[in-house]
Amino acid sequence: MMMPRSPRSLVITMSITIVVLLLGYAYLITFPGHSAMWELPRFHFYVISPTLLALAVSAIAVGWTGIRLRDMSALMLALAILSLNGFFLIHALSTPGFIIADQHHLAGVSSQVAMTTCAVWIYLSTLPSDHSFIRRVSKHRRSIVVGWVTIIVLMNIAALMYPSISNFIPIDLAPLNYLMALLTVFLYLWAAKRYFQQFRLVKFPLHAAIVFGSFMLSVTECFMVTTMMWTLAWWLYHVVLAVSALMLLFGIIAQYRSNLSVTQTFHQANGYPSSEQLRISISSSMQNLIVATETKDEYTAGHNYRVAMYGFQLAQAMNLDSELLRALARGGLIHDVGKIQIPSEILNKPGRLDTDERIVIEQHPLIGYEMCKYIGFMTEELIRPVTITV
């Protein structure tokens, strides 16, 4: 699977996919015999349940990777995927005739809870790193992952032991199901809009995956609340759901493919890390952003890696803890990315800068800060620049 690399290709690919899905759905709910029941409870229980469990476990692993990589976007997205698959697991395990004899409302309630909690986490991931909520999540990130996994496991157990409790949560019945669907779709589309804005700027595969996946999940939500159980259209929404979850997971994998974490790099370094070790300690997407910056400003080529390396060495000499060492190194690597938005004629002017040009170029730390606080960096790596006027 290859993520689109440009905003134009992303929009085209996404539009074609959604149109095909909508046409397919329209056919499935109108063709002769569309109301026929394709009851495959054994498949629903024995195939979908393990698939959802595997995706949930993968999300936990991705979340822990996000912690080690100090990437809030990866962490929040992992919590979203975990919510989607963890709560949908109740939907699959509640297939009548296996663990639970009767249907109750459990399948419908759990699927809506899964879609909405996933949407909430994806929406929260759009908040900047300096937002108070993200600061708290960043500070307690390990506890939050462990706590959220525990909540989902306990809710699976409680739902299967006491399925009738779903009768008191009628979010799968009209009109509440339509209100929940509207809220969920709004959160997905809002997140897609924010991530598309970031994708236009940095072109990270993770952002493309979230935009595409959020739109697909919006379509899934619409299919889910308008189909009858066991019909072909109902099975279609399961397929779209699985593809959406895989797309989000793939986005994280594509972001960090073939790269070591900063933690691994520092543990492998004997003494001080080299420029090359720092180079492989970040995602290829971030490397590309740094390369684009240094290509635009040829005078500072290699400067970002040298700043990161020397900053790390100074921090080591000061006996700072490993978390701050990693934060300083990552912060050093990205400290000049704001230059990518400075006009080339100012950035590479051979002569002396005039007053107005100097004002423009001195904005690059603030521009870089505004960019990076939306692409997953933690607050320790993003000390907000202060403008001093004389």
Side-chain angles (χ1 to χ4, degrees), residues 5-8 70-73 128-131 194-204 207 262 272-318 320 324-390:
R5 295 187 176 182
S6 71
R8 184 172 181 271
R70 298 184 58 82
D71 190 317
M72 288 303 297
S73 291
S129 297
D130 55 4
H131 191 281
R194 295 298 297 270
Y195 274 108
F196 183 73
Q197 292 171 343
Q198 293 303 311
F199 180 68
R200 291 176 63 184
L201 189 63
V202 297
K203 297 180 178 60
F204 284 0
H207 294 163
V262 177
Y272 300 139
S274 67
S275 176
E276 184 59 28
Q277 286 173 316
L278 284 171
R279 202 176 289 271
I280 63 173
S281 73
I282 56 174
S283 72
S284 57
S285 303
M286 182 54 67
Q287 287 182 33
N288 293 338
L289 182 60
I290 295 171
V291 168
T293 305
E294 296 188 339
T295 301
K296 188 170 184 179
D297 182 16
E298 298 176 1
Y299 180 76
T300 59
H303 169 69
N304 294 301
Y305 294 99
R306 289 193 295 272
V307 169
M309 184 170 59
Y310 296 143
F312 179 81
Q313 292 175 3
L314 286 170
Q316 252 191 347
M318 295 168 64
L320 298 183
L324 282 177
L325 291 177
R326 291 191 288 272
L328 279 167
R330 280 170 58 85
L333 287 169
I334 60 164
H335 79 278
D336 262 349
V337 296
K339 288 183 178 179
I340 203 167
Q341 293 194 43
I342 301 297
S344 297
E345 57 270 21
I346 295 178
L347 208 55
N348 295 306
K349 183 178 178 180
R352 185 183 181 88
L353 296 176
D354 61 33
T355 303
D356 292 337
E357 290 169 336
R358 179 163 292 280
I359 290 173
V360 171
I361 204 168
E362 286 177 352
Q363 291 301 307
H364 82 268
L366 185 58
I367 294 170
Y369 173 83
E370 292 297 325
M371 284 174 56
C372 291
K373 74 179 185 179
Y374 286 105
I375 58 176
F377 285 90
M378 294 182 180
T379 51
E380 295 90 343
E381 294 142 12
L382 301 178
I383 300 174
R384 194 178 194 281
V386 177
T387 302
I388 300 175
T389 57
V390 181

Ignoring hydrogens, what is the shortest heavy-atom contact between Pro7 and Phe199? Give both atom names and the distance. N-CE2, 3.5 Å
Here the gap from Arg358 atom CZ to Lys349 atom NZ, rounded to the nearest 0.5 Å, amounts to 10.5 Å
Using atom types as modelled and distance alone, determine if a side-chain donor or acceptor of His335 lies under 3.5 Å from a backbone N or O of Gly332. yes
For Ile367 versus Ile342, what's the shortest heavy-atom pair and its separation? CD1-CD1, 3.9 Å
Minimum side-chain heavy-atom gap Leu201-His207 below 4.5 Å: no
Nearest 0.5 Å, please: how far is CD in Gln341 from CD in Glu370? 10.0 Å
Nearest non-hydrogen partners of Cys372 and Ser129, listed with the distance: O-OG, 4.4 Å
CA sep, side-chain torsions, deciding dist, call: Met371, Ile334, side chain to side chain contact (heavy atoms under 4.5 Å, CB included): CA-CA 10 Å; Met371 284 174 56; Ile334 60 164; over 6 Å; no
Would you compute the distance between atom CD1 of Ile346 and atom CG of Asp354 and round it to the nearest 0.5 angstrom? 8.0 Å
With rounding to the nearest 0.5 angstrom, report the CG to NZ distance, Asp130 to Lys373. 4.0 Å
Spacing of NE2 belonging to His364 relative to OH belonging to Tyr369, to within rounding of 0.5 Å: 15.5 Å
